Amino acid sequence: MKIALKNVILFNPDQKLNKKSNLLITDGIISKIGSLNSEDLKNCQVFEFNDKYCVPGLFDMHVHLREPGREDEETVVTGCNAAAKGGFTGIACMPNTEPAIDSAEIVSFIKQKAKDHLVDVYPVAAATMGRKGETLSPMSELVEAGAVAFTDDGVAIKTARILKTALEYSKMFDTPIIEHCEDESLAGGAMNEGLNSTLLGLPPIPSVAEDLIVSRDILMAEYTGGKVHIAHISTKNAVELVRQAKAKGINITAEVTPHHFHMTDDAVQTYNTNTKMNPPLRTSKDVEAIIEGLKDGTIDCIASDHAPHSLEEKEMEFEYSPNGILGLETQLGLALTELYHKHILSFEQLIEKLSINPRKILKLKVPKFEIGEKANFTIIDTDEVWSVDIKKFKSISKNSPFHNRLLKGKAIAVINNSLFFLNEKFHSI
Amino acid sequence: MSLSSRHLLGMQGVSRNDIQLILDTAITFKEVLERPIKRVPTLQGKTVVNLFYENSTRTRISFELAEKRLSADAVNFSVSTSSVSKGESFKDTIKNIEAMKVDMIVVRHAAAGVPHYLTQISDSNVINAGDGIHEHPTQALLDMYSIRERLGKLDGVKVCIVGDIAHSRVALSNIFGLKTMGADVSVCGPSTMIPKQMDELGVKVIHNIDEAIQENDVLNVLRIQLERKAREYFPSIREYHKYFGITEDRLAKNGKDIVILHPGPINRGVEISSEVADGPSQIILNQVTNGVAVRMAVLYLLGTQN
Ligand SMILES: [Zn+2]
């Protein structure tokens, strides 16, 4: 089957490409780039895109799918549907499922659930059995089954000793250890420690809880030569520590979520449980440091930390409510609105952080615009203004603080695995 | 005159006018409490639920008495904290209570922000009777009432709150209320028990109890939690008492007339010595009486709004 995408701006920083063109895709593979003749267009479905950007498919490297265990909140398939709607053709899913992703069987189970989908799912396996921080997970088997990284996300790897072992062992596969940086003895609060936690009477999580583990992990990455990826960076000091570590040549990368790059703990003032996340929303000083880190490349990528929770779990007392919010369907819009349209990041930097860098960190192939390559792209309208409506989300859960928020820019189509998602529907191509 | 809000969720943001109105109204009710028949028909036909998720007999009885003396129908609904994890959700409990056609809910809960959340899921007037370590507005109001009763004013009065400021709902409510009324507020306690941001609230921090006594007209002495978790913040009760306990010697040494408040229940020999707790400086039992009058004022002002 043939489709033609007319008048798209092919944009791929990795190929130094920024050119208006047309694409012919035959059975999911790029068969022609440039002007299309009548022969090309015979028996071909033609889509006109009026100079919209076409970029390598976006990739979200921090997604919580709730399968296995909490299929009432999100399944592999509904999470993938949300990803496609949000403009992503690939996601990495976190291992804090029930049971945790700590065996080859569970990696295969997730891969199997996702196998016919447009969105590619790459499981991140637990670094330790049951994410308990005691014994190493079967890393070789997990990698063989398809795991692309290791993490105990939800918590940091418990002790320096097991972290050292995990970094040394995972060097064999050159996979990163993704760290949720939070010192266990300082954890357990409900929001950032500061004036707002005092005024709201909520138990605090001090920012130094993150800084301590970022320091530990940087030193351990240096010592072992292993790779550490800092998940959802949120503090000013952590950004500075990563910057210094990179300058020293230590193998370290970092991601930030949309909420941490533009929201502060002022948002908690209404006790809205959709402002409760871990790491918590921090202060304007932290947000400013994150913006600087995004600009100068200290922060490599943007990832959502998509964390579905049922309505019952979010409609309750703030302190008892679980952490996390949805992200897949608002991430691109927030990044365009808050970073691109506010001239913080160029479009090129934005695509690097939303598509190219996460794939490179996980050693995945970056899609290219070349004849014979698999069609794996996202088509973006950077200027469409739309209002977030949680009722239209593809996610089963609805826990987003962005309901009714006006955003500028969104994905209008994604293509991957011979499937085309356009106008809310998947089409075989 | 009526209050500018339908609820009393905390002292943060409550205007000077509203505080003044509550304190002035409470004077009338205190007179009622001194009559042989201590009851007025003001809230006849209104139903008030005392929803207590934490055990606090004193506060509950004070509210219950206030309700009964206003002729409201008072219903007590106590939920043990142990059932929070398994039992009915908070929201379902509220929906059930609402279905019984109540007018006002007085709520005490271990989690901060619950009264605020309650206003979003209920149509009743909500009174915060203490939420976690956040606020306890009626305690602050009765403290202010008691200070004003004793000293004749709040404006310019120097009040020091002594104890675990960081984990006290009484402290935060007092700070907001007193500041609004023009009092000069300071706090005194071990540095682990004082949030870093006190200066941002315009509150002076003192770590020397003698200095606190010398510089102030009023000490509001907080109860020190004796449970293990609270004990992380200071080395021992002995050390706390030695350096922050209010004793007769200490008051005598600083030779000063000072008013002493305590929200109760008292740990004698810890934050305050027995002699001081029973001595001429304290107005602790007045606070208890005033608590009923102030709560009557709050219930009346919220319950008779249209
Ligand atoms: Zn995490």
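For clarity, every value in this text was computed on a predicted model and none was experimentally measured. Protein chains get the first letters and strands the later ones, always in sequence-line order, with residue 1 at the start of each.
Of all residues spanning residues 305-314 of chain A, none has a heavy atom less than 4.5 Å away from chain B's heavy atoms. Residues of residues 390-403 of chain A never come closer than 4.5 Å to chain B when only heavy atoms are counted. For residues 261-286 of chain A, a heavy-atom distance under 4.5 Å to chain B picks out Thr270(A), Tyr271(A), given by residue number.
No side-chain donor-acceptor contact under 3.5 Å links Ser173(B) to the backbone of Val170(B). At least one donor-acceptor pair closer than 3.5 Å links the side chain of Asn208(B) to the backbone N or O of Glu211(B). Judged by distance alone, with hydrogens and angles left aside, the side-chain atoms of Arg108(B) form no donor-acceptor pair with the main-chain N or O of Asp131(B) at under 3.5 Å. Judged by distance alone, with hydrogens and angles left aside, the side-chain atoms of Thr78(A) form a donor-acceptor pair with the main-chain N or O of Thr75(A) at under 3.5 Å. In terms of modelled atom types and a separation under 3.5 Å, the side chain of Arg169(B) and the main chain of Gly132(B) share a donor-acceptor contact. The closest donor-acceptor contact from the side chain of Ser304(A) to the backbone of Gly327(A) lies at 3.5 Å or more, if one exists at all.
A distance of 6.0 Å or more separates the ring centres of Tyr320(A) and Phe90(B). Ring-centre distance between His136(B) and His134(B): not below the 6.0 Å cut-off.
Neither the backbone nor the side chain of Glu135(B) comes within contact range of chain A; no heavy atoms are under 4.5 Å apart.
Between His180(A) and His232(A), the ring planes lie perpendicular to each other; the angle is over 60°, past the 30° to 60° tilted range.
Note: Leu172(B) leads Leu172(B), Ile175(B), Ile121(B) in heavy-atom pairs under 4.5 Å with chain A.
For Lys179(B), the NZ atom is densely surrounded, since the number of other residues' heavy atoms within 6.0 Å is greater than 12.
Counting only heavy atoms from C-beta outward, the side chains of Asp184(B) and Val159(B) never approach each other to under 4.5 Å.
Remark: Glu338(A) engages Arg405(A) in a salt bridge, criterion side-chain N to carboxylate O under 4.0 Å.
Taking OG1 of Thr180(B) as the reference point, atom CG of Asn17(B) lies at 11.5 Å (rounded to 0.5 Å).
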Sequence neighbours excluded and cut-off under 3.5 Å, please list the side-chain donor-acceptor pairs for residues 187-207 of chain B, or say none.
{"from": "Thr192(B)", "atom 1": "OG1", "to": "Tyr233(B)", "atom 2": "O", "distance (Å)": "2.5"}
{"from": "Gln197(B)", "atom 1": "OE1", "to": "Thr198(A)", "atom 2": "OG1", "distance (Å)": "3.1"}
{"from": "Lys204(B)", "atom 1": "NZ", "to": "Glu215(B)", "atom 2": "OE1", "distance (Å)": "2.8"}
{"from": "His207(B)", "atom 1": "ND1", "to": "Gly189(B)", "atom 2": "O", "distance (Å)": "2.9"}

